[in-house]
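The next block holds one structure in the form of structure tokens; read it before the comments.
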Protein chains: 2
Amino acid sequence: MNYEDLATKLKALADPVRLNILEFLRQPIESCCSQSDGVCACDFETLLGLSQPTVSHHMKLLVQAGLVRSEKRGRWVYYEIETATFAQISQYLTHFQQAALAAR
Amino acid sequence: MNYEDLATKLKALADPVRLNILEFLRQPIESCCSQSDGVCACDFETLLGLSQPTVSHHMKLLVQAGLVRSEKRGRWVYYEIETATFAQISQYLTHFQQAALAAR
DNA sequence: TAGATATATCGAAATATGTCAATATATCCA
DNA sequence: TGGATATATTGACATATTTCGATATATCTA
């Protein structure tokens, strides 16, 4: 992964609204989900108080960056955390931690 | 750490130029350092081909976000990775990895 | 099939970001 | 002390980002 790609993923992560979205995907609150079988885009409109196009925009960025996986089922688009990408980012950040720098 | 603070740190991280800077701070190349006792701001001008004010701007963001620590010695400002902040970010990201989500 | 609902796209506006040249400030050294 | 050097700040400009209303598309259901 080069710096451009990594920066794209980090940029997608680096926004308070999207951090909120990711947090909800990580720990969905059942009573805030309109559907029983997953978290869909429309749930975030009420959750975040943002317009539908704005939510759609943020979801697109998250999917494009590979942080989130989407699946269309019927009228709804469902989202889930893409754990592998987070693992990849975490892996990179370990290089900047105490142990890694001490071992140089 | 709230989402605004975290987003500030991630935003500072989410730029190819700054990723380059951090990578160099993590593994400095002696022959690219004008001083023998550390990495200073001016080293990045030649390294990145950017103007002095631009480098200064990026360093300021990195320091403000807590990703980098600076120390002025004489005419030079020396920089080092702030490992604790990286540990903090890494820690947060572990919540989005396979093991954490499986354990919900 | 027609209306309702979920999502995507487009275009516009406001704000944020990255970059530079010019200039200011601080520090060294001859 | 005065010139040279490293860094910071300012102001300007181009580009990117966030947000929305309007509209398009897809799908369900009555």
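Remember, it's a predicted structure, so these values are computed and weren't measured experimentally.
Considering only side-chain N and O atoms, B:K60 lies nowhere under 4.0 angstrom from the phosphate OP1 or OP2 of D:dT7. Dashed line: the shortest gap from a side-chain N or O of A:R18 to OP1 or OP2 of D:dT18 is under 4.0 Å. Between A:S51 and D:dC20, a side-chain N or O to OP1/OP2 separation shorter than 4.0 Å is present. Contact annotation: B:H57 side-chain N/O to D:dT7 OP1/OP2 distance is not under 4.0 Å.
Taking the side chain of B:C42 as heavy atoms from C-beta on, and the options C:dA8, D:dA8, D:dA6, the nearest nucleotide is D:dA6. Here the nucleotide nearest the side chain of A:K72, chosen from D:dT7, C:dT7, D:dT27, is D:dT27. Between C:dT7, D:dT7, D:dG21, one nucleotide has an atom nearer to the side chain of A:P53 than all others, and that is D:dG21. Considering only the side chain of A:W76, C:dA6 comes nearest among C:dT19, C:dA6, D:dA26. Here the nucleotide nearest the side chain of A:T54, chosen from D:dC20, C:dA21, C:dT7, is D:dC20. Picking from C:dC29, D:dT29, C:dT7 the nucleotide with the shortest atom distance to the side chain of A:R75 gives D:dT29.
Spacing between atom CD of B:E4 and atom C1' of D:dT18 amounts to 13 Å, rounded to whole angstrom units. For the pair B:Y78 OH and D:dA6 P, the computed distance is 10 Å after rounding to whole Å. Rounded to whole angstrom, the span from the CG atom of B:L50 across to the C1' atom of C:dT17 amounts to 14 Å. When rounded to the nearest whole Å, the span between CG of B:D15 and P of D:dT15 equals 17 Å. A:L62 places its CG atom 16 Å from the C1' atom of C:dA8, with the value rounded to the nearest Å. B:Q64 has its CD atom 14 Å from the C1' atom of C:dA16, to the nearest Å. To the nearest angstrom, P of C:dT7 lies 8 Å from CD of A:Q35. A straight line from CG of A:L48 to C1' of D:dT19 spans 13 Å, rounded to a whole angstrom.
Between B:R69 and B:E71, none of the side-chain N atoms (NZ, or NE/NH1/NH2) sits under 4.0 Å from a carboxylate O, so this pair counts as no salt bridge.
Cluster membership check: A:V55 does not share its hydrophobic cluster with A:Y78, using side-chain heavy-atom separations under 4.5 Å among Ile, Leu, Val, Met, Phe, Trp and Tyr. When hydrophobic clusters are built by joining Ile, Leu, Val, Met, Phe, Trp and Tyr residues whose side-chain heavy atoms come closer than 4.5 Å, directly or via intermediates, B:W76 is not grouped with B:I29.
Each of A:V55 and A:R73 was matched to the nucleotide of DNA chain D holding its nearest heavy atom; the match closer to the 5' end belongs to A:V55. Between A:H58 and B:D43, the residue anchored closer to the 5' end of DNA chain D is B:D43, taking for each the nucleotide with the nearest heavy atom.
A donor-acceptor contact under 3.5 Å is formed by the side chain of A:Q52 with the base of C:dA8.
Two residues are said to be in side-chain contact when any heavy atoms from C-beta on lie closer than 4.5 Å; B:Q35 and B:R73 fail this criterion.
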Go through A:F86 and A:L13 one step at a time and tell me if the side chain to side chain contact (heavy atoms under 4.5 Å, CB included) criterion holds.
CA-CA 10 Å; A:F86 283 87; A:L13 204 53; 3.8 Å; yes
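Within the nucleic acid shown, B:L61 comes within 4.0 Å of sugar-phosphate atoms alone, with no base atom in reach, counting heavy atoms only.
For the residue pair B:Y3/A:N20, the side-chain donor-acceptor check at 3.5 Å is not satisfied.
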